[in-house]
Amino acid sequence: MSVDRVRLEKRIGELSAIGGSGTSVTRLGLSPEEQRARDLIGGWLRARGATVWRDPAANVYGRFGGAGPAILVGSHIDSVPEGGRFDGALGVLCAVEAVGALLDDDVGFRRPVEVVGWCDEEGARFGIGLFGSGATFGRLPDGAAQRADRLGITIAHALRTIGESGDPTTAKREPGEFAAYLELHIEQGPRLADAGIPLGVVSGIVGILHARVTVRGRQDHAGATIMTAREDALAAAAEMVLAVETAARALPDAVGTVGEISVRPGAKNVVPGECVFSLDLRARNEQTVEQLARDVRAAIRRIGDARGLRSTLDVLSRVPAVPLDPKLRDLFLRSARAVGVEAPELFSGAGHDAENSQLAGVPTGMLFVRSTGGSHNPNELAALDDAVLGARALSLALKELAG
Ligand code: HGY
Ligand code: MN
Ligand code: MN
């Protein structure tokens, strides 16, 4: 496959410049930066003859070929705040490059191919992860459009601002419109780098529970309120955050993270009256996710009761652990072998849009590209050689499915 290394390298630079500063990228869901990314990607696809459109959930699609169930290939175009240049972006760039290589080699499509750039996979702004693919595959949580960011801007308003109706559920497509979904993504962990192997095949994806905990105490004077007369919401939340860490450490293959915390009123001389923090609970299997959620709920209740404070836990989104399609796992193993790589099969601790397609009944496969420097940080790095290998393997897989 004639993947064009220079073209790929140039486009990695162009896309990471949108919302980028140095090696850091901030391209939040439904932000102006994300729209500029859609315009850039749509332009590349249109230039190769694709029919390009944006759907009511602000996903961007480029379709090649005629009618009938398509091979969908892509990833997400948004990032976390101060994230890296490759999470999501590399999957979209390699999808564009893989199709470009097939077109350059005059490989005709016996079935249509659609390249997709998913909107707001991270959920960093509105709290709903896998938002764009959730809309397409009918898996959005109830009331998603009314979910607001920290400034009180709702998803509906943000969609209307870019000219959409404001109802993302109208983006839903029938699973039968797709014969398969393929996603290339950086591994975001150390296993491929430690093994010295450039590609991996994803066997399954972790189950995730996202929630918001609100702790209500009593706002009071930091000087005139003696320690035994306080209902300090932040002190209680601090104990709860440590309890999340303890609960996750106690279960095999479980992880628990509190990534966001806010305090009201938030002044140095005021005993905090309210504290809101996020929960991100994950495990390889559903039983463990449920057990972890139970343990965390119990700890929050115990700590609140002991301090005489009230707390609520609101589940924001829940995606079950999902094994990926065996035939597509085998296809990616063969495609990796064809570019000289004996790829290991890896379970993904990171969530991906691929969960939504597989759960909706669209056979789904994922290919990992080695990355270093961790992820969700500016040090995230995929070597160009590895990206080119990934794009070539993706192109071979596409050729077998659609060529
Ligand atoms: O959170 C995740 O696992 C993904 O990066 N959205
Ligand atoms: Mn991510
Ligand atoms: Mn990602």
Side-chain angles (χ1 to χ4, degrees), residues 15-16 18-38 57-60 75-92 117-135 139-141 143-159 161-162 168 183 185-186 188 205-206 208-213 241 244 255-262 276-282 314-319 348-356 371 373-380:
L15 183 50
S16 48
I18 299 179
S21 95
T23 60
S24 171
V25 170
T26 298
R27 197 163 51 230
L28 299 188
L30 293 173
S31 64
E33 292 77 18
E34 194 192 55
Q35 183 52 48
R36 283 173 38 217
R38 273 187 286 277
N59 298 309
V60 59
S75 190
H76 61 94
I77 57 176
D78 65 307
S79 77
V80 295
E82 299 172 45
R85 294 167 288 164
F86 301 94
D87 175 2
L90 192 67
V92 181
W118 298 117
C119 166
D120 197 8
E121 184 271 350
E122 300 290 0
R125 180 180 169 195
F126 298 100
I128 300 177
L130 312 183
F131 168 77
S133 57
R139 298 181 49 81
L140 285 176
Q146 299 319 318
R147 209 53 80 68
D149 66 10
R150 290 197 181 119
L151 303 175
I153 297 170
T154 62
I155 285 179
H157 182 83
L159 284 168
T161 304
I162 58 172
E183 179 166 356
H185 201 288
I186 53 170
Q188 300 179 293
I205 306 176
V206 73
I208 303 178
L209 183 148
H210 282 153
R212 178 175 293 148
V213 177
V241 171
V244 170
V255 290
T257 312
V258 174
E260 300 170 24
I261 190 163
S262 60
V276 178
F277 61 86
S278 64
L279 274 186
D280 178 311
L281 307 178
R282 309 184 189 202
D314 301 304
V315 176
L316 297 177
S317 70
R318 178 74 169 88
V319 184
S348 175
H352 296 287
D353 292 301
E355 294 183 270
N356 278 329
S371 65
S375 184
H376 286 184
N377 74 60
N379 302 320
E380 175 186 284

Problem set entry | Closest non-hydrogen atom pair, G259 against S278 | N-OG, 3.1 Å

Problem set entry | CG-CG distance between L30 and L159, expressed to the nearest 0.5 angstrom | 5.0 Å

For this session: Assess the side chains of E183 and S75: does a donor N or O sit below 3.5 Å from an acceptor N or O?
Result: yes

Exercise. Considering all heavy atoms of both residues, which atom of I208 and which atom of H210 are nearest to each other, and what is their separation?
Worked result: CG2-NE2, 3.5 Å

Exercise. So, E380 versus S375: side-chain donor-acceptor pair below 3.5 Å or not?
Worked result: yes

Problem set entry | Sub-4.5 Å side-chain heavy-atom contact between S79 and D87 | no

Problem set entry | Any donor-acceptor pair under 3.5 Å from R125 side chain to G29 backbone | yes

Problem set entry | Listed partners of R85 passing salt bridge (Lys or Arg N to Asp or Glu O under 4.0 Å), at least two apart | none

For this session: State whether a side-chain donor-acceptor pair under 3.5 Å links H76 with D120.
Result: no

Exercise. Atom CD1 of I153 and atom CG of L151: how far apart are they, to the nearest 0.5 Å?
Worked result: 5.0 Å

Problem set entry | From E82 atom CD to T26 atom OG1, the distance as rounded to the nearest 0.5 Å | 5.5 Å

For this session: Of all the heavy-atom pairs spanning S16 and R27, show the shortest one and how long it is.
Result: CA-NH1, 4.3 Å

Exercise. What distance separates I128 CD1 from I155 CD1, expressed to the nearest 0.5 Å?
Worked result: 4.0 Å

For this session: Could you pull out the closest heavy-atom pair between S133 and N356, with the gap in Å?
Result: OG-ND2, 2.9 Å

Problem set entry | H376 and E122: CA distance, side-chain angles, deciding distance, side chain to side chain contact (heavy atoms under 4.5 Å, CB included) verdict | CA-CA 10 Å; H376 286 184; E122 300 290 0; 3.4 Å; yes

For this session: Indicate the atoms forming the closest heavy-atom contact of P378 with T23, along with that distance.
Result: O-OG1, 2.8 Å

Exercise. CG/D353 to NE2/H185 distance, rounded to the nearest 0.5 angstrom?
Worked result: 8.0 Å

For this session: Write down the atom of I186, the atom of S371, and the distance for their closest heavy-atom approach.
Result: CB-CB, 3.8 Å

For this session: Please confirm whether the backbone N or O of A58 pairs with a side-chain atom of R38, one donor and one acceptor, at under 3.5 Å?
Result: yes

Problem set entry | Atom pair CG/CZ of D78 and F131 - distance to nearest 0.5 Å | 10.5 Å

Exercise. Is there side-chain contact between L279 and V258, with at least one heavy-atom pair below 4.5 Å?
Worked result: yes

Exercise. Do the side chain of D280 and the main chain of T257 share a donor and acceptor less than 3.5 angstrom apart?
Worked result: no

Exercise. What pairs with E260 under salt bridge (Lys or Arg N to Asp or Glu O under 4.0 Å), at least two apart in sequence or on another chain?
Worked result: R150

Exercise. Quick one: salt bridge (Lys or Arg N to Asp or Glu O under 4.0 Å) partners of R318, sequence neighbours excluded?
Worked result: E286, E290

Seminar exercise, completed: Contacts of S31 meeting side-chain contact (heavy atoms from CB on, under 4.5 Å) (sequence neighbours excluded), chain-then-number -> L28, E33, E34

For this session: Please list, chain by chain and in numerical order, all residues satisfying side-chain contact (heavy atoms from CB on, under 4.5 Å) with S348, sequence neighbours excluded.
Result: V202, I205, A350, H352, F368

Exercise. What residues form a side-chain contact (heavy atoms from CB on, under 4.5 Å) with V319, not counting sequence neighbours?
Worked result: L130, E355, L359

